[in-house]
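Single-structure report; data block below.
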Amino acid sequence: MTALTWLNAEAFTVFGQKVIWSDMIGNLMGLAALALGWRRSIWTWPAQLLSGLILIAAYASAHLSGGVGKQLLVIGVAAWGWRAWQRGRQEAQDGTLAVRTATWTERGLLLAGAALGTLAVGGLFTLFPNLSWSPWADAYIFVGTIVAMVAQARGLVEFWFAWLLVDLVGVPLAFTNGLAFSGLVYVVYFALVLWGAHDWYQRSRTTPAPALEGATA
């Protein structure tokens, strides 16, 4: 049995839906990445990168080409975020990563990027139905995930709210596509996002963080 065959084999059944190993392991790694992000640990990025690699197998098994593309993009953004946080930590006098709220200009750019990106990706998925079973919902999650990761790489508190909006669509879509463990993990994500948002917001009020290009201070 090859590693890919094992990853796409059934691990167990929950609520009448089978859970495959790649779906379970990849999402547990994603959950760990989110928890590490809450703690402002630079290891959040390697965890996200590894999660993306494993989830490629899960989306491929469900014949969701769009999901595979999303994970490839997640891997690229994770590599960039890792570098950004390393640079930010080196530039900080105490070796920690500061966080801050976005400026109104940055918020506008994030929202515009999310809207235009969703329209572009949703249009692509609509033109090529084999890329996604739910083109607009997948496009929303695809672009929302990237927007959240970019905001996280820049140390912006708003990244948590981007994840929250992704979760609201991601939970029902995961169950609909037969990725039951993804749906269950999204529920846990929701709780972590609320706690993480509160923690980062409190830190942003007590520790000023100058805006650096692509990195936290």
Side-chain angles (χ1 to χ4, degrees), residues 1-83 85 131-134 137-138 140-150 152-153 159-160 162-196:
M1 179 182 293
T2 65
L4 185 59
T5 302
W6 178 82
L7 281 172
N8 287 332
E10 181 178 347
F12 56 86
T13 300
V14 59
F15 301 129
Q17 295 196 50
K18 70 175 184 179
V19 175
I20 60 176
W21 286 107
S22 56
D23 186 26
M24 180 177 70
I25 298 173
N27 277 290
L28 286 176
M29 288 298 303
L31 194 62
L34 195 63
L36 288 166
W38 177 10
R39 303 301 299 170
R40 297 182 300 157
S41 169
I42 200 168
W43 290 102
T44 183
W45 299 108
Q48 287 191 26
L49 193 151
L50 183 58
S51 172
L53 286 172
I54 296 172
L55 284 174
I56 286 176
Y59 283 104
S61 72
H63 306 290
L64 296 172
S65 302
V68 172
K70 184 188 82 170
Q71 295 307 321
L72 290 173
L73 194 53
V74 162
I75 290 169
V77 176
W80 172 69
W82 191 359
R83 180 175 174 274
W85 277 30
L131 293 177
S132 171
W133 294 346
S134 307
D138 269 348
Y140 174 88
I141 294 172
F142 185 110
V143 176
T145 298
I146 303 306
V147 168
M149 291 182 67
V150 168
Q152 181 185 5
F159 109 82
W160 293 103
W163 270 124
L164 182 63
L165 294 174
V166 168
D167 283 356
L168 293 177
V169 175
V171 172
L173 186 64
F175 280 110
T176 300
N177 287 335
L179 298 176
F181 202 82
S182 290
L184 292 172
V185 168
Y186 269 122
V187 174
V188 182
Y189 276 173
F190 186 82
L192 273 178
V193 164
L194 293 178
W195 289 329

Could you tell me whether the side chain of L73 reaches within less than 4.5 Å of the side chain of F142, counting heavy atoms only? yes
Please check: side-chain N/O of T44 versus main-chain N/O of L36, any donor-acceptor pairing under 3.5 Å? no
Do V193 and W38 touch side chain to side chain, with heavy atoms closer than 4.5 Å? no
Between OG of S41 and CH2 of W85, what distance do you get to the nearest 0.5 Å? 7.5 Å
For A78, the side-chain contact (heavy atoms from CB on, under 4.5 Å) test, sequence neighbours excluded, returns W45, Q48, L49, M149
What are the two closest heavy atoms between W160 and L34, and how far apart are they? CZ3-CD1, 3.7 Å
Working to the nearest 0.5 angstrom, can you tell me the gap between L50 CG and W43 CH2? 11.5 Å
May I ask you to test the M29-L53 pair for a side-chain heavy-atom distance under 4.5 Å? no
Is a donor on one side and an acceptor on the other found under 3.5 Å between the side chain of T145 and the backbone of I141? yes
For S22, what residues pass the side chain to side chain donor-acceptor pair (under 3.5 Å) criterion, not counting sequence neighbours? N8
Quick check: closest heavy atoms across A148 and A162, and the distance to 0.1 Å? CB-CB, 3.7 Å
Passing option when N27 is tested against V188, L55, I54 for side-chain contact (heavy atoms from CB on, under 4.5 Å): L55
So which atom in W80 and which in A153 form the shortest heavy-atom distance, rounded to 0.1 Å? CZ3-CB, 3.3 Å
